[in-house]
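Input: a single structure, listed below in structure tokens.
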Amino acid sequence: MDLSVLERVKWLQQQQMVSPEFFEILGSDGREELRRVESYLGNNNDELQSFRHYETIDGCISRTSSFQMEQVKNNEENRVIALQNKRKTEGKTEKRENKKKKIKTEDETESSMKGKSNMSNSETSSEIEKRDYIHVRARRGEATDRHSLAERARREKLSKKMKCLQDIVPGCNKVTGKAGMLDEIINYVQSLQQQVEFLSMKLSVLNPELEFHINELSTKQFQACFTDLPEAVSKQSMMVDASSFPLHQTTSLDYSVKNSNQTISLGSKEQTSWEIHSQCLYNNLRTDSVSNFFSFK
Amino acid sequence: MERQIINKKKRVFSVEPNKIPPSEVFTRKYTSLLVPALKKLNMNKNSSQVNQLTVKHEVDMALALSAQEFAWSRFLLQKLSSSNNPTTTTSSSSNGIRIQERSGKEGGHEDGEREEKLRELQKLLPGGEEMNVEEMLGEIGNYIKCLELQTIALKSIVQDTT
């Protein structure tokens, strides 16, 4: 991947990331400058690949401009731009602007650039980069076009979710690879569903003899059961929160517990059809008419 | 003693709902839904024996209603309400969303396996076939948790009455 910077810029242009104006601005002197830039950047391909355009390209661009900052200490503008570009998705114009400024600073400080200082600067700039910016890097030897980058981002999202699932499903840590984990997850879900079926069967068998007393199901019982769950429960609550578990909207489920009559009142603000259904459900429970219970629509 | 428990339970839901762990909220909702339902079932069908399927129906209904924040509960409700006789039929859409995993690193064979498994997972989750892969993976996590809590609640109900 030892493209010269010029070729890379041309490639970027083809990808419609750099407008043709840029080249005009560069002019012939600019192109020479770009070649010099390449030599300054050295053989570190990773750095050169920071020209890749992606959603978080602002990080890359800012990095390159902050790179300049180490050498050009009198140029405040670049620093401001670098700070402003934190985690924003840039428009094309901004990117172009940064590139322009980069080239300009190159012009100004051409004489002061030396190879050694560049290497040390690259280290410090990478520090700055780590502090401020997040970007997706095209690794060496990987395709860098838009589609592959998007695909890679998608894959990373998926793997993040798989990791979350790994925490939830017990016994997933030992298995490696997505297929194995998926297997485990499938087995676990199936076993849970079977358990539920079995328990409901048991309930149906025991049902005629049962007397339901909610007051007997004390909190202690629940908490004892909760401790059986793996540690992931706490993480799950985070996950559940992340899925917008609307606690503030949820209901005041205050139910007065009596032996004979159990009434439940539900207040809900959401107005979707199934919410209305559930309200009908509760209304029916309150009015003690069971016939509607099974046939609501 | 009963009074205390009543007060305790009332207190839990009153002022600061954010401090209640969602798992507890779910479980309470679930039991408060299921238990009266079972009781009514019991009372009503004292002539005939309680049908297993109806109990399962109630169980599923309680699950869906206790977890209305999640997409899969909507699908579950749809399924339950569309069929008065609860069966294990899947939803109407027969074409699942095709899972496409293009990966340059793995071979095509492994990809096929993974796709198959993802499809299986989709079938397990109610409404999974109508979601895309990312969404489904997120929903599966919630579903698993709710299933776990449901089993806990059911166990405690069963234990309680034996």
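Reminder, nothing fancy here: chain letters follow the sequence lines and each chain counts from 1. The figures here come from the full heavy-atom set of this structure, side chains too, leaving out hydrogens, waters and symmetry mates.
Interatomic distance, B/Gln122 CD to A/Ile186 CD1, rounded to the nearest 0.5 Å: 10.5 Å. Here the straight-line distance linking atom CD1 of A/Ile168 with atom CG of B/Asn142 works out to 7.0 Å at 0.5 Å rounding. With rounding to the nearest 0.5 angstrom, the CG atom of A/Leu158 is 9.0 Å from the CE atom of B/Met136. Here the CD atom belonging to A/Gln195 is positioned 5.0 Å from the NZ atom belonging to B/Lys155, to the nearest 0.5 angstrom. A distance of 11.5 Å separates CG in A/Leu182 from CD in B/Glu115, rounded to the nearest 0.5 Å. Note that CD of A/Gln193 is 10.0 Å distant from CD1 of B/Ile144, once rounded to the nearest 0.5 Å.
Minimum interatomic distance between B/Glu113 and A/Ala179 (heavy atoms only, all atoms of both residues): OE1-CB, 4.4 Å.
Contacts of A/Ser148 classified as side chain to side chain donor-acceptor pair (under 3.5 Å), with partners at least two apart in sequence or in another chain: A/Asp145.
For the set B/Leu154, B/Leu147, B/Leu125, B/Leu124, the entry with the most heavy-atom pairs within less than 4.5 Å of chain A is B/Leu124. Ranked by heavy-atom pairs under 4.5 Å with chain B, the list A/Lys157, A/Met162, A/Lys160, A/Gln190 is led by A/Gln190.
A donor-acceptor pair under 3.5 Å is absent between the side-chain atoms of B/Glu134 and the main chain of A/Lys161, judged by distance alone.
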